[in-house]
Amino acid sequence: MCVFSFHPVKSITTGEGGMITTNSKKISSKLKLFRNHGINRDKRFLIDKTKKINHYEQVELGFNYRMNDLEAALGISQLNRLKKFINKRTKIAKFYDNELTNLPIQKPIFTKNSSWHLYVILLKNKKIRQKLFNFLKRKDINCQIHYIPIHTHPFYKKIGFKKNDFPNSVEYYEKCLSLPIFFDLKYSIQKKIIILIHKFFLNV
Ligand SMILES: *Cc1c(COP(=O)(O)O)cnc(C)c1O
């Protein structure tokens, strides 16, 4: 299976929701059950074969994961703009890539084949990352941290995971910083972000 998120921050959105693709008919049928309270209306698979009128059967414990028509309509119109969205994000990524040079940071490898959902830089250590995060925040630039390693959340801790089970992901988490990248990001604001980052490293 392959899963896609259509949350508002993603390449295209349906408000909330997503999509699952699979080349397995069996998995597809099961997913359709889960989407609709575990209810089957397909005559071929009814357990009660007595041909009751408008019969349906709940055969699994499912949920209501149905996408409504309004969300679907938004998704279809978003598809027409996908290329435009990705081009803009690529342009933003390219600008960061060109301008964030000679700094003690690790940039993502620039490639035109990325949809540039995020632009994540790595700092030398946790302390510098925190300082840069705060510095930009004071200048009204909100960065993000993607993500808190899943095994360090209370639920996974409770089932036995220890912080040091995945040291690389913890190290990455401590050094990473996601710079603003979104369709409406203005050239002038991005320029300001770049200048601020250079300024920051002049003073640390
Ligand atoms: C967006 C995103 C999610 C959450 O997607 P949902 O639509 O809320 O299920 C999870 N993980 C990553 C890496 C994401 O980018």
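In listed order, ligands and their atoms are each counted from 1.
- Between W116 and F110, a ring centre-to-centre spacing shorter than 6.0 Å is recorded.
- No more than 12 heavy atoms of other residues, nucleotides or ligands shown are found within 6.0 angstrom of CD1 on I109.
- If you look at ligand 1, the protein residues with a non-hydrogen atom under 4.0 Å away are S5, K10, H117, Y147.
- Pairs passing the salt bridge (charged side-chain N to carboxylate O under 4.0 Å, His left out) check and including a residue from residues 96-114, sequence neighbours excluded, read D97-K107.
- Checking side-chain atoms of K83 against main-chain N and O of N80 turns up no donor-acceptor pair under 3.5 Å.
- Listed by chain and residue number, nothing satisfies the salt bridge (charged side-chain N to carboxylate O under 4.0 Å, His left out) test with R138 (two or more places apart in sequence, or in another chain).
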Please list every donor-acceptor pair under 3.5 Å in which a side-chain atom of residues 58-72 meets a protein atom from a residue at least two apart or in another chain.
from, atom 1, to, atom 2, distance (Å)
Q58, NE2, E60, O, 2.7
E60, OE2, K30, NZ, 3.0
N64, OD1, R66, N, 3.1
R66, NH1, N36, OD1, 2.5
N68, OD1, L70, N, 3.0
N68, OD1, E71, N, 2.9
E71, OE1, N68, N, 3.0

